[in-house]
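Worksheet: the structure to be examined is printed underneath.
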2 protein chains.
Amino acid sequence: MGGTTKTIGAVERAFEIIEAIERLESAGASAIADELSLSKSTAYTHLHTLQEIGYLRKEDGHYRLSGDFLRLGTAVQQGFPVYRRGRSHVEELADRTGERANLVVEERGKGTCVHAANAGGAADGAMTRGERRHMHATATGKALLAHLPEDRVDEIVETHGLPSFTDHTITSREALESELAEIRETGIAIDAEESILGLRCFAAPILVEETVIGSVSVSGPSRQFTDPDREPELTEAVRETANVIELDFVFG
Amino acid sequence: MGGTTKTIGAVERAFEIIEAIERLESAGASAIADELSLSKSTAYTHLHTLQEIGYLRKEDGHYRLSGDFLRLGTAVQQGFPVYRRGRSHVEELADRTGERANLVVEERGKGTCVHAANAGGAADGAMTRGERRHMHATATGKALLAHLPEDRVDEIVETHGLPSFTDHTITSREALESELAEIRETGIAIDAEESILGLRCFAAPILVEETVIGSVSVSGPSRQFTDPDREPELTEAVRETANVIELDFVFG
DNA sequence: ATACCTTTTCATCGATAGTGAACGACATCC
DNA sequence: GGATGTCGTTCACTATCGATGAAAAGGTAT
């Protein structure tokens with residue numbers, strides 16, 4: 001485990017400041033110094049540096065993150081082949097079902113949302129672009145886990161644990177494993193308010209050459225999603241979308 | 001002009017590395033050291049640091065930007081009120097016209113695209129999310145310039161100049177000024193292949209309390225956009241969209 | 001086996017990032 | 001209006017730490 005190599009403190013501090021600004025929306029030198037227990041001068045020099053290179057913009061004395069992060073974020077997004085090929089299909093899924101549709105990939109043991117398509121539907125609690133969530137508590141995460149090598153799953157569970165978010169969250173390795181087996185059979189992962197109360201979600205894995213490269217989902221309020229008529233419609237739509245994206249990889 | 005304050009070299013270097021990775025898509029320590037003329041060990045320590053704090057991920061020996069930048073980018077986007085209120089209207093504009101629609105704000109003297117809505121149409125050359133362009137050479141930029149205080153326009157021209165991108169780019173302050181006056185009259189800014197050959201674009205400013213907070217546009221290949229029947233349709237659609245967003249600010 | 005990549009580690013040294021104190025500007029309070 | 005508090009900004013100082021080259025460790029092809 002190589003984790004002992006030295007790291008550069010100034011860079012770590014810079015990103016702590018960036019994340020503090022993300023949290024506070026905007027902040028001045030004193031607020032940052034306060035928030036992170038830094039000296040005012042240190043906070044100031046960092047803010048000044050980040051502004052000089054363009055990553056912060058100053059608006060009446062308060063610093064905010066600049067559009068350059070938006071540019072980098074877009075580059076990251078485009079860097080996922082599954083986004084480039086899947087985006088339009090996820091949009092169609094949202095249009096077709098009238099619900100929020102997400103495209104998720106695994107990153108560092110968590111599920112990262114690389115695209116979120118709204119079809120006007122209220123998306124309370126649904127993942128937003130760039131957001132990362134525990135995999136065992138989300139439909140998209142479980143769809144990914146179900147097709148990851150077993151030792152990778154072990155690793156992930158060991159690193160992040162199985163924290164509980166609601167009464168329905170899966171918290172034991174055995175329960176998780178049996179659910180993953182079921183997902184492998186049905187091709188559909190379900191989040192029944194396991195991550196957020198009131199939020200239900202259906203997801204399907206995207207498999208290319210026996211490897212999961214992502215998962216797609218639709219999600220919405222539990223009330224609408226428990227309508228027995230809708231479940232087959234929604235799961236089928238999700239499954240089909242995943243399939244279309246898979247085919248896009250093979251041909252296209 | 002306060003530009004003499006000290007800046008933190010390590011942080012500047014870190015972002016140079018981040019931008020190099022953005023350019024190269026993915027890279028190892030040697031490639032970065034090469035690209036930026038750094039020692040291999042320096043490049044390595046920086047990469048290692050950025051990976052430790054999660055902003056880079058390592059994939060078979062190559063570093064890539066991580067989803068954390070996507071999260072920051074989304075936060076930046078949400079930080080623009082004009083995005084929060086305008087997004088859906090820009091989507092509708094794209095659907096309605098069948099063309100690429102953009103939402104742009106001014107940042108540090110350039111136009112930054114905060115949202116890009118595709119309606120399937122080929123978007124060659126159109127701005128992408130987070131991209132920044134010179135204002136004098138784009139419809140969205142000119143729509144903004146037309147309603148910025150005159151001294152601000154002076155400042156911007158002084159800072160960024162009026163570089164030429166095609167034969168049609170405006171390169172003199174006088175020509176720019178007369179065009180801005182026309183935009184103020186008609187309410188529509190036109191980019192007639194001034195930024196990129198073959199790309200035509202119509203934009204309208206979004207004014208709230210006499211202040212420009214952004215601009216919207218549709219753009220597409222010159223061939224389609226010179227159809228005399230479409231111009232009134234497109235300009236009208238753009239104008240209306242800007243108007244709806246303005247109203248959303250006043251009420252809503 | 002060889003040569004040639006790469007990434008990673010290490011000790012050394014000089015630059016520099018962090019610090020606290022101080023200043024000017026701007027509010028707020030009594 | 002004088003006092004007090006807070007803010008951003010600057011400065012000189014010094015211990016820290018980031019940069020460095022050399023060399024080790026790992027990988028791949030020849």
Side-chain angles (χ1 to χ4, degrees), chain A residues 1-66 79 107-108 151 155, chain B residues 1-66 79 108 155:
Chain A
M1 296 249 133
T4 44
T5 323
K6 284 164 103 183
T7 54
I8 299 166
V11 175
E12 297 178 322
R13 211 150 300 141
F15 276 94
E16 279 171 23
I17 290 175
I18 287 165
E19 289 176 0
I21 296 178
E22 181 194 7
R23 241 176 295 129
L24 303 170
E25 290 245 333
S26 82
S30 296
I32 293 294
D34 238 39
E35 175 90 2
L36 301 175
S37 308
L38 298 173
S39 78
K40 252 196 306 186
S41 29
T42 301
Y44 175 73
T45 314
H46 272 276
L47 290 167
H48 181 74
T49 301
L50 290 168
Q51 187 212 7
E52 279 286 308
I53 59 178
Y55 283 88
L56 294 185
R57 48 188 248 273
K58 204 171 172 181
E59 227 162 56
D60 38 70
H62 293 281
Y63 295 91
R64 303 177 145 270
L65 304 184
S66 87
E107 203 181 65
R108 300 170 85 239
D151 52 347
E155 216 174 84
Chain B
M1 302 249 135
T4 43
T5 323
K6 282 164 106 183
T7 55
I8 300 167
V11 174
E12 297 179 321
R13 210 150 304 140
F15 275 94
E16 279 171 23
I17 289 175
I18 287 166
E19 288 176 1
I21 297 178
E22 180 194 8
R23 241 176 294 128
L24 303 170
E25 289 245 335
S26 83
S30 297
I32 293 295
D34 238 39
E35 175 90 2
L36 301 176
S37 308
L38 298 173
S39 79
K40 258 192 294 195
S41 27
T42 301
Y44 174 73
T45 314
H46 272 276
L47 290 167
H48 181 75
T49 301
L50 290 167
Q51 187 212 6
E52 279 287 306
I53 60 179
Y55 282 88
L56 294 184
R57 63 200 170 84
K58 203 172 172 181
E59 228 162 55
D60 39 70
H62 294 281
Y63 296 90
R64 302 178 145 269
L65 304 184
S66 88
R108 301 171 84 239
E155 215 175 85

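Both backbone and side-chain heavy atoms feed into the values below; hydrogens, waters and symmetry mates do not.
- Side-chain atoms of B/T45 and base atoms of D/dG18 include no donor and acceptor less than 3.5 Å apart.
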What do the steps show when you test A/H62 against A/E25 for side chain to side chain contact (heavy atoms under 4.5 Å, CB included), and what is the final call? CA-CA 10 Å; A/H62 293 281; A/E25 290 245 333; over 6 Å; no
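- Under the 3.5 Å distance criterion, with hydrogens and angles disregarded, no donor-acceptor pair is assigned to the side chains of B/S26 and B/E59.
- A straight line from CD of B/Q51 to P of C/dT7 spans 13 Å, rounded to a whole angstrom.
- Map A/S37 and B/G61 each onto its nearest nucleotide of DNA chain C; the residue landing nearer the 5' end is B/G61.
- B/K40 has no side-chain polar atom (N or O) that falls below the 4.0 Å cut-off from OP1 or OP2 of D/dA24.
- For B/E59 and C/dT7, the CD to P distance is 15 Å, given to the nearest whole Å.
- Listed pair A/T5 / C/dT9 meets the phosphate criterion, a side-chain N or O lying under 4.0 Å from OP1 or OP2.
- Out of C/dT8, D/dG18, D/dG8, the shortest distance to the side chain of B/A10 is found at D/dG18.
- Using a 4.5 Å cut-off on side-chain heavy atoms (C-beta onward), A/R57 and A/Y63 make no contact.
- Residue B/S30 has a polar side-chain atom (N or O) positioned under 4.0 Å from OP1 or OP2 of C/dT7.
- As a whole-Å value, the separation of B/I32 CD1 from C/dT6 P is 13 Å.
- Phosphate contact (OP1/OP2 of C/dT7, side-chain N/O of B/Y44, threshold under 4.0 Å): absent.
- For the pair B/S39 and A/A31, nearest-nucleotide mapping onto DNA chain D gives the more 5' position to A/A31.
- The CD atom of B/E12 sits 15 Å away from the C1' atom of D/dA19 (whole-angstrom rounding).
- One atom, CG of B/L47, and another, P of C/dT6, lie 14 Å apart when rounded to the nearest Å.
- Between B/T49 and A/I8 the shortest heavy-atom distance is OG1-N, 2.9 Å.
- Nearest-nucleotide positions on DNA chain D place A/G28 closer to the 5' end than the other of A/R13 and A/G28.
- If you check the side chains of B/T45 and B/T42, you find no donor sitting under 3.5 Å from an acceptor.
- Close to C/dG18, at under 4.0 Å from its OP1 or OP2, lies a side-chain N or O of A/H46.
- B/T7 comes within 4.0 angstrom of the backbone, heavy atoms only, and of no base.
- Under the 4.5 Å side-chain criterion, counting only non-hydrogen atoms from C-beta, B/K58 is not in contact with B/R64.
- In this entry the distance linking NZ of A/K6 with P of C/dT7 reads 20 Å, nearest Å.
- Rounding to whole angstrom units, CG of residue B/L36 and C1' of D/dT20 are separated by 16 Å.
- One finds a side-chain N or O of A/T42 lying less than 4.0 angstrom from the OP1 or OP2 phosphate oxygen of C/dT19.
- Between the C1' atom of D/dT16 and the CD1 atom of A/I8 lies a distance of 14 Å, rounded to the nearest Å.
- Nearest to the side-chain atoms of A/S41 among the listed nucleotides C/dT19, C/dT7, D/dA22 stands C/dT19.
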